[in-house]
There are 2 protein chains.
Amino acid sequence: MDGKPGLRERKKRQTHAAISDAAITLFLEHGFNQVSVAQVAEAAEVSKRTLFAYFPTKEDLVVHRLADHETEIARVVRARPPRTAPLTAVREHFLEGLRERDPITGLNDHPQVLRLTRMILDAPSLVARMERFKAGAERALARALRETADTPELTARLAAVQIVAVHWALAQDNADRLAHGEPADTRYAGAVADTEHAFALLENGLRQLAAQR
Amino acid sequence: MDGKPGLRERKKRQTHAAISDAAITLFLEHGFNQVSVAQVAEAAEVSKRTLFAYFPTKEDLVVHRLADHETEIARVVRARPPRTAPLTAVREHFLEGLRERDPITGLNDHPQVLRLTRMILDAPSLVARMERFKAGAERALARALRETADTPELTARLAAVQIVAVHWALAQDNADRLAHGEPADTRYAGAVADTEHAFALLENGLRQLAAQR
DNA sequence: GGCAAAGGTATACCAGGTGCAGAAATATCC
DNA sequence: GGATATTTCTGCACCTGGTATACCTTTGCC
């Protein structure tokens, strides 16, 4: 489809990568808030104005790498085998992510990943950006549920927000533990158990929640 | 406890209110992003520095009014009658909110409220701020569940994120409809039905989600 | 009334982000 | 291959949110 990307196109990609790489390197080294976009631009040998032509905000310098994941759950639901419940597909996908130590599950303890996670958590504006991400994931998943499982509008939205919320809670929990020094391999069994528990809760509802007091 | 707030204290409250009022007035009239903090400060007859002494960020000029609601769900759970399930308490509280047209349920169509909602939705930074709000509500609710229903750590967190997510989805749905012109009184019946449906889903789980395809 | 402390102000400053006019590089047409 | 049109990059000035500093005013209190 594009045997000839064209010089202009290639340079664009190159510049994009140069800026992104310079940004990540500097941010990991000194922290997100400690590095100005001017410094990033200088390191990438590009004007500040050009940097903003490629990345609309400073946060995007980091977050654009995760853009694919925004619709990941929705894609999993759409691509599920016939007669499989959406929830089952999402659960299996998450378990597979755990097995593969996919960073999105929070269960990857490579120093680079750990530092990136810490960097994001230390920068409020980046955390806020991640929340918007979640909202995007919810919308995409709601659509997928409507279109592939004939789920009514409201039910789809409700299911979507619940699933995404649980997904993130699990990942965050894993990431927290690894951030506190627990090795991924040690955490693995617990992460699997927690995942099973969480999806069982989703499937069976909160009825079981004690009513005492 | 304080029959004599003291002059200093009174002036502080007064200044606080003056700034907040000036801000809301200007924001409602011209839009959040169209008004600078300098203009708000000028309207409130206060220096910019003073404004930031009272409100840490521009967003807080709007959001501080909702601060109480951050822990509202958690308080409802803590204050529930004996042997009542947390979920029941939250549902009843939401239904009561609908009856009273509490703006937090999205079912208040007073022009002021409508304009405020629109203003918030039109300003990405305010939306982001609301998301942080949600996160705070989740934490508070998780604690309440742990402390009043002996819910284990993970279960409490999972339940909390689900409940808060559904709560917000319902409110947002109502707000959306009113924003599109539907009167609150017309929407009321549907809002109640949707609420019942949503909480039934929470209670019974997503098992029912069709597995077709 | 006088003094310490709290609170307010003016000013200057930093960082993220945008608008604009022109220079430089790339693509296109002859 | 060269002239031209188009895209992209750049430098610069500027706006806005937010902070630091240093100084002044008000309040509380003896």
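Chain identifiers are assigned alphabetically (A, B, ...) following the order of the sequence lines, protein sequences preceding nucleic acid strands; residue numbering begins at 1 within each chain. Because only heavy atoms are used, hydrogens play no part in the values below, and waters and symmetry mates are left out as well, while side chains stay in.
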* **Sugar-phosphate or base contact per nucleotide [nucleotides 4-17 of chain D; S, B, -; heavy atom under 4.0 Å]** => --BBSSBB-----S

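- When rounded to the nearest whole Å, the span between CD of B/Q14 and C1' of D/dT27 equals 14 Å.
- Under 4.0 Å is where a charged nitrogen must lie from a carboxylate oxygen, and between B/K134 and A/E131 no such pair does.
- Between the side chains of A/Q39 and A/H30, no donor N or O sits under 3.5 Å from an acceptor N or O.
- The main-chain N or O of B/L178 is never found under 3.5 Å from a side-chain atom of B/D109 such that the two would form a donor-acceptor pair.
- In this entry the distance linking CG of B/L61 with C1' of D/dG18 reads 13 Å, nearest Å.
- A side-chain donor-acceptor contact under 3.5 Å links B/R65 and B/S20.
- Atom P of nucleotide C/dA15 and atom CD of A/E42 are separated by 13 Å, given to the nearest angstrom.
- Between the side chain of B/D60 and the backbone N or O of B/F55 there is no donor-acceptor pair closer than 3.5 Å.
- Put simply, OG1 on A/T195 and CG on A/L98 are 4.5 Å apart, with the number rounded to the nearest 0.5 Å.
- Distance B/E9 CD to D/dT27 P: 13 Å, rounded to the nearest Å.
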